[in-house]
Structure formats: C-alpha cells, structure tokens
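Note on naming: letters A, B, ... go to the chains in the order of the sequence lines (proteins, then strands), and numbering restarts at 1 for each one.
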Protein chains: 2
Amino acid sequence: MAERKREKRDPQQRRAEILAAAFACFSERGFAATRMEDVATRAGIAKGTVYLHFPDKEALFTELVSGIASPILGRIEGLAANEAIPPRFAISMFYTLFRREVLETDRRHLLRLILAEGPMFPAVTEFYHREIISKGLGVLRTLLARAADRGELRHPAIADIPQIVIAPALLSIVWMTLFEAYEHLDTQKLFDAFLETLFVPEGGAK
Amino acid sequence: MAERKREKRDPQQRRAEILAAAFACFSERGFAATRMEDVATRAGIAKGTVYLHFPDKEALFTELVSGIASPILGRIEGLAANEAIPPRFAISMFYTLFRREVLETDRRHLLRLILAEGPMFPAVTEFYHREIISKGLGVLRTLLARAADRGELRHPAIADIPQIVIAPALLSIVWMTLFEAYEHLDTQKLFDAFLETLFVPEGGAK
DNA sequence: TAATTATGACTGACTGGTCGGTCATTAACA
DNA sequence: TGTTAATGACCGACCAGTCAGTCATAATTA
C-alpha cells in the first residue's frame, strides 16, 4: 500500500513529467482510450493536478504531439545546406537518423498517433504539414534536384516528387506498429534497397 | 416531423444497410467517436434493432473492416498467374486498380481506419495480415522475381522486399487523408515515376 | 534560531453528461 | 390470433472536468 507523499515541484519539471506520462499513455492506447486519471497516476500525481498545467485533454494532446518538433529536420537541413555533401549520402543519412531517432525509439508511437488521430485534430495536422512536412519536402527537393543535375538519379523525374523518399519511412512505421508481430521487416534492407533503386550505382565510373 | 414507419426487412438486406451506415459513420469519425445511435439513425432504424444483427459495437466494426475483402487482390492474383503478362504491366495495373478502387472511392477511409485503429483490434490486424498483406506480398514477390529474371529491374535486390511496392500506395493513402487539404499530391505522377524508377526503361532493347 | 503565519500546489470526492447495451412493449405480418 | 421484428425508454458504467479543503514549504516575526 504505497503511501503517496505530497510533493511540490518546479512547475516546469511537473509539466514535463505530465507530458512524459501523457506520451506513454497516448502511445499505448490512443487519444480516446486514455483517461486523464491514467495520465495523472502515471505521473505520480492526482487528477486535479493535471488541470493546473493543461486546460483540458485536447490541449495536453496537441501540446504533446506538437512539442516533439523534429530534431531530425534540423540535421537534414544542415546536411542539405552543405553542397559538398553528396545528395545520396544526405538521404542515406536521413534514413539512418530516422531509424535511430524514430523507428527504434518510442517516438515511433508518436508518429503513429499523428497518423491515427490526425483527422480528429486538424490543428495538429496543419501544424505538422506546415512545420515538418513542407519544410522536409523542400529540403528533399533541393537534394534531389542536385542529384538530378549531377546525373546521379536513375530516373530524374522523381526530383519533382520528393514524397517518394518518405514513402519507405512511412511504410516502415506502419509495418512496425501493425504487422511486425506477424512478419518481420528488415528496415535496414528496405532503406538500402530503396536508395540503390533511386540512385545510379556508385562505382559506375570510379 | 417525419414519422418513421416501422418496417420489416429481409434480414440480409437490413444487415447490409446497417453495415453501410456503420461504414459511413466509422469512416467519418473513427471507432471511438461513433455512437451506435448514429449508426442506427443513419440506417433509418432504432438503436435496439442494430443489436438484433450484431452482438456489440466491436463486432460491427470488425465485421465491417474484415468484410471489405480486397477485390483488388483477386484481380492481381489473376494477372500474376498469367506468365505472358509482363510484370511491369501487372504492377502498373495494381496501382491503377488501387487508385480507381480505393484512393478515389470511400474505401480509402476504410483503409485509414485499419491503419488508425489497428492496434486497438489485434484480431482485425491479424486478419488483414493473413488474408490480404501476406497474400499480396506473395504475388508481388512472384512478379518481382520474374522481372528480375528477365533483367527488367534496375536493382534486382528489391525482389526480396516486395513491401517496397506498396510504400507509395501507403503514402498516397496517408497523404490524401491528412495533407491533401494543404498541398496537392499528384498520385498518377507518383505511381508513374515510381514504376519508372523500379523498372529499366521500356525501349531499352525493344 | 524557533515559533507563527501565509501561500498556493496539490488532492480526490463529486457532478453532469455521455453512451453501450437491455428489455418490456408494440406493430407488422402470416 | 400467434409469431416475430422493431422500438426507444431506461439502466448503469464510465469519465472529463470541478472545487472545497489540505498541507508542505517559505516568509515573517519574536
């Protein structure tokens, strides 16, 4: 019978603890099935306390999914800015970062959340498109155009459709969270093969 | 004040009407936010009547998503069985069917539902993997192997990862249901460009 | 330094409303 | 008239959000 001690906290820290708990709960059960009391319990506080930091459930949710502003995006933007870095390497780096920072961490659940609950929260979707997707596609477009110029693409027309680059990433997320239990997908192989398909072989004229 | 006449129906027909209503409701609002009374009203009947045909909400949902057994799968299986049909044409046909039968119809919402609610209904996910995904991947594997044998793939190793073929389809579904409102994606171009990337150019050695 | 008071973060029982599922009653049909 | 399908009022579980009260801590005073 663990007696819970009343404990004051730095508001910032408490807020962070609530967000962490909410992250875990929403990841596991989605928006609708998560009870505010679950979040509170997980954060080790009482239900009412949550409401001292967030006006309502929806605000907690949107704050959460918006707050995980892609650290990946920044890294890729950096790589793309440097013209000395081969586009193929930059995109390969993107996949590597994606695997390491999203696919193989709990963040993958968050990405699923956005896919799953998106239509219920247009504000979140709009935010994601504006802040992540559209910027990311811009970077990819630059990289693909550069690769096309240098004759590195097997089919230069894909430079117009940068979405194609994120297709395998999306697939991997969906697969991992839905079907991995029934059939394993080797994401390393997936990304490698895809890169190899997009770009002309490296050793072509060594 | 439209008075609703009590009306007996052929059970099969009634059942179908309920499923159609459920399809509309679940598509629009997801599982949690759909009320059984919404479904009933939409079907033009009283709430209790729904329960004469389905034991509970979950059964209605799983019946619905399982029942839309892919008509596409059969068509593709047919194309793959005929070795005279070029693999590239078969896969191109797959994309065309996918666009016409899923992406541009209300069925796209159903596919989203499976993505979104999948983890909450393992039985549905398992069913989909067993009946659709694993069979579909089998067909694709056959097609890709044949294409590789004939030297038609730019990168033969992808024959091992048939998932790559469904990546753009998945992307198109997600894009259409989340971001299309903010930024248009030309799915025709997406699929065409992707095909062109997978396969060696047609006119190579006519 | 020790006792007293003020603060506001924290608590959890409670409320109001929602919704899945039931069943006694009623209408339609054979 | 007896049988069957349909109805919708009703039940009870559930849960987001509230708020009157509590208490750990800090500030003030002696």
ask   = Any side-chain N or O of H53(A) less than 4.0 Å from the OP1 or OP2 oxygen of dC10(C)?
value = yes
Could you tell me how far apart [X] ([atom1]) and [N] ([atom2]) are, to the nearest whole angstrom?
X	N	atom1	atom2	answer
I45(A)	dT22(D)	CD1	C1'	17 Å
E58(B)	dC19(C)	CD	C1'	16 Å
D56(A)	dA16(D)	CG	P	11 Å
Q13(B)	dA5(D)	CD	P	15 Å
L60(A)	dG17(D)	CG	P	10 Å
K57(A)	dT18(D)	NZ	P	15 Å
M36(A)	dG17(D)	CE	P	6 Å
F31(B)	dC19(C)	CZ	C1'	12 Å

query = Parallel under 30°, tilted from 30 to 60°, perpendicular over 60°: which one fits the rings of F26(B) and F31(B)?
reply = parallel
query = So Y182(A) and H129(B), would you call those rings parallel, tilted or perpendicular, with 30° and 60° as cut-offs?
reply = parallel
query = Does CZ in F89(B) sit with more than 12 non-hydrogen atoms of other residues, nucleotides or ligands closer than 6.0 Å?
reply = no
So which nucleotide from [options] ends up closest to the side chain of [X]?
X	options	answer
L52(A)	dT11(C), dG20(C), dT7(D)	dT11(C)
R14(B)	dG17(D), dT11(C), dA6(D)	dA6(D)
R35(A)	dG20(C), dA16(D), dC10(C)	dA16(D)
T49(A)	dA16(D), dT11(C), dT7(D)	dT11(C)

ask   = Hey, is the side chain of K47(A) pairing donor to acceptor with the base of dG17(D) inside 3.5 Å?
value = yes
ask   = With side chains defined as the heavy atoms from C-beta onward, is the minimum distance between F61(A) and L113(A) less than 4.5 Å?
value = yes
ask   = Less than 4.0 Å between a side-chain N and a carboxylate O, is that true for E180(A) and R108(A)?
value = no
Whichever of T34(A) and G48(A) has its nearest DNA chain D nucleotide further upstream toward 5' = T34(A)
